[in-house]
Amino acid sequence: MIHRRKFLQLGSLGLSSFSFPSFISSKSTAARRPIVISTWDAGIDANKAAWQVLRNGGRALDAVEQGVMVTESSQNCCVGLGANPDRDGFVTLDSCIMDENGNCGGVAFLERIKHPVSVARRVMEKTPHVLLVGAGAQQFAVEQGFPLEPQKLSPDAERSYKEWLKKSEYKPVINIENNANKKNQAAFAPAKLDNGEWNHDTIGMVAMDANGNLSGTCTTSGAGFKMRGRVGDSPIIGAGLFVDNEVGAATATGQGEDVIRICGSHLVVELMRQGLSPENACKKAVERIIKIKGSKAKDIQVGFIAINKQGEYGGYCIQKGFNFAVCYADDKNFLVDGKYVL
Ligand code: SD4
């Protein structure tokens, strides 16, 4: 059973949590560092762990890894092994990580490993490759000492899967990638459901440390009830995540296929290189997806978040309902409602 999160209890740091209107983000963040931002509400807890690294002068790379490990472990958020399975009943995880030197690593279609982000980091640091998938990724993880977890669905995922099997219909719902049996599966639903559960299966996080170096990660269980073998944007460098230490860093969430189509996070960083603010760069990338999708854009959600070298941050999405968490001080860890185009 998923434990309910008391959202206002922000633990040892005593951090505050409330939604800021997003216009504040573009005006009040000049030359701010360190800073960490991450997608969706679960980013508040992840930011707290990342902030502990950043506030002590640690490296952004360590901060983002430790930040999203919180989410991968959490029973409240279905990013990790507790998440919904693919349509054959297996949970498969995707993740990538990128540092300030352009080093990057990823894993996709990885099963039975609790922390794909850490395996992605090992791929980056210990292999000549960027991306390992499936059985090979798992073999590498085990060789590196990661324990093989039991092949077992969480009780919630098992319930959702049984429910899903009744119709076996693959239909992602806007802002709710998770749990097929939620009563309030409707467009524009809140990120957090009435019953207190989180409904997202991804966290993307980008950070700048006190030295002004950028890193990022994106980690996910992917779309629930996907085809076996499906891989989304999250482990793909340039799609779910991109970092350029001269410019900024961006990450994505939502319908991965449409993020891949435009090399979304890379596009956001390139738009910032041309002088756009993080928010405007995210907006332009969202608009490009909408242009490609035409009338079908109303059926999907994609959100981008980004930071630049000045410590400015921003985010944008297709539909209402996306938010992201921003942290840049012991007492500043708050949610921002993403502006939306449609
Ligand atoms: C995917 N982008 O696998 C991920 C899903 C996601 O919140 O972001 N869910 O397509």
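Numbering of ligands and ligand atoms starts at 1, following listing order. Counting begins at 1 with the first residue of the sequence.
Within 6.0 Å of atom CD in E246, 12 or fewer heavy atoms from other residues, nucleotides or ligands are found, so the atom counts as exposed in its surroundings. In this structure, K284 places its NZ atom where only 12 or fewer heavy-atom neighbours from other residues, nucleotides or ligands lie under 6.0 Å away.
Using a 3.5 Å distance cut-off with no hydrogens or angles, the side chains of Q139 and E143 do pair a donor with an acceptor. For the residue pair N245/N213, the side-chain donor-acceptor check at 3.5 Å is satisfied.
Heavy-atom contacts of T202 reach the following atoms of ligand 1: 4 (C), 5 (C), 6 (C), 7 (O), 8 (O), 9 (N) (cutoff under 4.0 Å). Those atoms of ligand 1 with a heavy atom of T253 less than 4.0 angstrom away are 6 (C), 7 (O), 8 (O), 9 (N). Listed by number with element, the atoms of ligand 1 under 4.0 angstrom from any heavy atom of W40 are 7 (O). Atom numbering of ligand 1 starts at 1 in the shown order; those under 4.0 Å from a heavy atom of D201 are 5 (C), 6 (C), 7 (O), 9 (N). The distance from ligand 1 to the heavy atoms of A223 drops below 4.0 Å at these ligand atoms: 3 (O). For ligand 1, the atoms lying closer than 4.0 Å to a non-hydrogen atom of S234 are 2 (N), 4 (C).
With ring centers used as reference points, W40 lies under 6.0 Å from F322. Not less than 6.0 angstrom separates the ring centroid of Y316 from the ring centroid of F324.
Annotation for G67 and A49: closest pair CA-CB, 4.0 Å, computed over non-hydrogen atoms.
Within the 4.0 Å heavy-atom criterion, neither part of A252 lies near ligand 1.
Residues D209 and R59 are not paired through a salt bridge, judged by the lack of any N-O separation under 4.0 Å between the basic side chain and the carboxylate.
Note on ring orientation: taking the six-membered ring where Trp is involved, the planes of F225 and W164 are parallel (angle under 30°, cut-offs 30° and 60°).
Between G222 and ligand 1, not a single N/O pair is under 3.5 Å apart. The N/O atoms of T220, backbone and side chain alike, include none that comes under 3.5 Å of an N/O atom in ligand 1. Taking distance alone, with nitrogen or oxygen atoms compared against 3.5 Å, G254 approaches ligand 1 more closely than that limit. Between D233 and ligand 1, a contact under 3.5 Å exists for at least one N or O pair. In terms of N/O distances under 3.5 Å, ligand 1 is not approached by E257.
Between R230 and ligand 1 there is a heavy-atom distance shorter than 4.0 Å.
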